[in-house]
2 protein chains.
Amino acid sequence: MLKGSSLYKEVALLKNYLTKNRLKLTQQRETILEAFLRVDHITAEELYREISKKKRQRMGLATIYRTLNLLCEIGIGQQRHFDENRTIFDNVLHKKHHDHLICNKCDKIIEFESPAIERLQEEMAARHGFTLNNHRLELYGHCLDWKKCRDWQKSADR
Amino acid sequence: MLKGSSLYKEVALLKNYLTKNRLKLTQQRETILEAFLRVDHITAEELYREISKKKRQRMGLATIYRTLNLLCEIGIGQQRHFDENRTIFDNVLHKKHHDHLICNKCDKIIEFESPAIERLQEEMAARHGFTLNNHRLELYGHCLDWKKCRDWQKSADR
DNA sequence: CTGTATTTTGAGAATCAGAATCAATATCAA
DNA sequence: TTGATATTGATTCTGATTCTCAAAATACAG
Ligand SMILES: [Mn+2]
Ligand SMILES: [Mn+2]
Ligand SMILES: [Zn+2]
Ligand SMILES: [Zn+2]
């Protein structure tokens with residue numbers, strides 16, 4: 001385990017899952033976990049470039065995909081499909097269920113939850129004789145404030 | 001234009017759009033339109049097999065894709081992505097905006113609309129300083145009634 | 001109706017994200 | 001430390017959709 005990391009608990013969570021399943025804690029898995037937990041939403045490709053830039057070690061794109069999927073199994077990540085033909089991985093470590101509001105102009109992603117909407121969804125399902133397993137609610141639009149929209153666009157930490 | 005078709009109006013709609021854009025009304029476009037208007041939701045591949053079965057004429061898969069996209073431009077169809085890696089085309093000719101309830105067991109698709117939910121969505125967007133362009137709401141679950149679930153599964157006309 | 005310019009078609013190649021292969025390498029428990 | 005086992009990364013493969021382009025169909029002026 002890396003010294004000086006502020007992610008002892010998170011790495012422990014990963015290690016625990018791995019051990020329980022006779023899997024191994026590798027350097028790349030740890031590196032990927034750390035980089036992933038630093039962001040909110042990211043694609044495999046972006047994470048790959050992010051890690052490669054700091055080229056602390058060789059890292060194959062396939063490993064990024066494999067590990068990201070592993071994190072989803074553990075429950076640390078979740079796949080999102082805001083636009084078809086690319087998967088965005090959502091870091092949900094300290095988050096509960098939420099839906100998304102997405103700006104088509106600056107790609108800002110806002111997370112929200114609406115108990116009222118969730119209730120109406122259940123009601124609608126029941127009305128049609130359905131038991132709900134999950135749902136997907138995505139709202140697309142644009143920021144009213146162009147300045148904010150641009151500022152977000154320019155900021156690197158997304 | 002085919003004789004005996006009950007789709008004069010719809011074919012006219014297509015022809016009108018085509019003429020307006022210096023495009024041509026071909027046999028395959030008419031065949032695809034007719035087959036498409038016969039269903040609610042269908043993939044390009046399914047429509048391809050459907051038409052090939054009745055092999056009234058040779059028809060390339062690329063033509064199906066091209067024409068389905070054309071119908072979407074006209075507003076007769078709309079792409080859906082209930083599961084990533086395959087596009088379902090929704091025949092929306094006589095439908096207004098609606099969302100979907102999908103059975104994970106039998107693939108039944110129920111269309112619904114909820115003004116109450118739509119209102120709450122707008123409210124949520126406004127709260128975050130957003131103007132809404134569109135949204136995606138999909139509810140996944142399963143039919144309570146297994147019998148109905150199976151019956152649906154067996155019925156051909158989907 | 002006919003000739004001609006223009007669009008469309010179908011077969012197959014190209015694309016692209018993501019998964020599968022597999023020999024070489026790393027991990028871990030005894 | 002050793003050896004069984006899992007993992008890695010380079011590469012190939014996959015599958016849905018789009019692209020290419022020569023041959024065929026269509027529209028429309030005459
Ligand atoms: Mn999120
Ligand atoms: Mn529909
Ligand atoms: Zn914005
Ligand atoms: Zn069902």
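Keep in mind that what you see is a predicted model, and the values were worked out from it rather than measured. Protein chains get the first letters and strands the later ones, always in sequence-line order, with residue 1 at the start of each.
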Could you give the [atom1]-to-[atom2] distance, from [X] to [N], as a whole number of Å?
{"X": "B:Tyr17", "N": "C:dT8", "atom1": "OH", "atom2": "P", "answer": "11 Å"}
{"X": "B:Tyr48", "N": "C:dG12", "atom1": "OH", "atom2": "P", "answer": "11 Å"}
{"X": "A:Leu25", "N": "C:dA29", "atom1": "CG", "atom2": "P", "answer": "11 Å"}
{"X": "B:Gln57", "N": "C:dG10", "atom1": "CD", "atom2": "P", "answer": "8 Å"}
{"X": "A:Met59", "N": "C:dT25", "atom1": "CE", "atom2": "P", "answer": "18 Å"}
{"X": "B:Tyr65", "N": "C:dA14", "atom1": "OH", "atom2": "C1'", "answer": "15 Å"}

> Where does the chain A footprint on DNA chain D start and end, counting 5' to 3' with a 4.0 Å heavy-atom cut-off?
Replying inline: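 In short, chain A contacts DNA chain D from D:dT5 to D:dA10.
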
Could you tell me which residues satisfy side-chain hydrogen bond (donor to acceptor under 3.5 Å, both in side chains) with [X], sequence neighbours excluded, listed by chain and number?
{"X": "A:Tyr17", "result": "A:Glu73"}
{"X": "A:Arg86", "result": "A:Asp83"}
{"X": "A:Glu111", "result": "A:His41, A:Lys95, A:His98"}
{"X": "A:Asn85", "result": "none"}

> Do any of residues 70-88 of chain A sit with a heavy atom less than 4.0 Å from DNA chain C, and if so which?
Replying inline: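 Correct list: A:Asn85, A:Arg86, A:Thr87.
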
Without placing hydrogens or testing angles, list every side-chain donor-acceptor pair under 3.5 Å for residues 112-127 of chain A, not counting sequence neighbours.
residue: A:Ser114; atom: OG; partner: A:Ile117; partner atom: N; Å: 3.1
residue: A:Glu118; atom: OE2; partner: A:His97; partner atom: NE2; Å: 3.1
residue: A:Glu118; atom: OE2; partner: A:His135; partner atom: NE2; Å: 3.3
residue: A:Gln121; atom: OE1; partner: A:His135; partner atom: ND1; Å: 3.1

>> Under a plain distance cut-off of 3.5 Å, with no hydrogens placed, do A:Gln57 and A:Thr31 share a side-chain donor-acceptor pair?
In response: yes

> Has the side chain of A:Arg66 got a donor or acceptor that lies under 3.5 Å from a partner of the other kind on the base of C:dG18?
Replying inline: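 For A:Arg66, whose side chain was compared with the base of C:dG18, there is no donor-acceptor pair (under 3.5 Å).
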
> So does B:Gln28 get a side-chain nitrogen or oxygen closer than 4.0 Å to the phosphate oxygens (OP1/OP2) of C:dG10?
Replying inline: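 Looking at the OP1 and OP2 atoms of C:dG10, one of them is under 4.0 Å from a side-chain N or O of B:Gln28.
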
> Given side chains that start at C-beta, do those of A:Leu13 and A:Leu93 come closer than 4.5 Å, heavy atoms only?
Replying inline: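 Side-chain contact under 4.5 Å: yes.
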
> Should A:Phe36 and A:Ile76 count as side-chain neighbours, where that means a heavy-atom distance under 4.5 Å?
Replying inline: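 Heavy-atom side-chain distance check passes, below 4.5 Å.
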
Indicate every side-chain donor-acceptor pair of residues 21-28 of chain A with a distance under 3.5 Å to a residue at least two apart or in another chain.
residue: A:Thr26; atom: OG1; partner: A:Arg29; partner atom: N; Å: 3.2

>> Could you work out, with side-chain contact (heavy atoms from CB on, under 4.5 Å) as the rule, every residue matching A:Asn16, not counting sequence neighbours?
In response: A:Lys20

> Would you say B:Leu137 and A:Phe82 are hydrophobically clustered, going by side-chain heavy atoms of ILVMFWY under 4.5 Å?
Replying inline: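 As far as the 4.5 Å side-chain criterion goes, A:Phe82 and B:Leu137 are not connected within one cluster.
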
>> Do A:Ile74 and A:Val92 sit in one hydrophobic cluster, given that two such residues count as connected whenever their side-chain heavy atoms are within less than 4.5 Å of each other, even indirectly?
In response: no

> In degrees, rounded to 10°, what is the bend between the two ends of the helix from C:dC1-D:dG30 to C:dA30-D:dT1, using five pairs at each?
Replying inline: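 Helix axis angle between the two ends: 30°.
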
> Closer to the 5' end of DNA chain D via nearest nucleotide, is it B:Ala44 or B:Thr19?
Replying inline: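 This one resolves to B:Ala44.
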
>> Reading DNA chain D from 5' onward, which residue's closest nucleotide shows up sooner: A:Thr26 or B:Leu61?
In response: A:Thr26

> Can you give one letter per nucleotide of nucleotides 1-7 of chain C, 5' to 3': B if a protein heavy atom sits under 4.0 Å from the base, S if only from the sugar-phosphate, - if neither?
Replying inline: -----BS

> Is A:Asn69 touching bases, backbone alone, or none of the nucleic acid, heavy atoms closer than 4.0 Å?
Replying inline: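 Here A:Asn69 touches the backbone only, sparing every base.
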
>> Applying a 4.0 Å non-hydrogen cut-off, can you work out what A:Glu45 is touching in the nucleic acid: base, sugar-phosphate, or nothing?
In response: nothing

Which pairs would a plain distance check flag for residues 60-69 of chain B, meaning a side-chain donor or acceptor within less than 3.5 Å of a matching protein atom at least two apart in sequence or in another chain?
residue: B:Thr63; atom: OG1; partner: B:Arg66; partner atom: NH2; Å: 3.2
residue: B:Thr67; atom: OG1; partner: B:Thr63; partner atom: O; Å: 2.8
residue: B:Asn69; atom: ND2; partner: B:Tyr65; partner atom: O; Å: 3.3

> Between A:Asn91 and A:Val39, is there a donor-acceptor pair closer than 3.5 Å when you use the side chain of the first and the backbone of the second?
Replying inline: yes

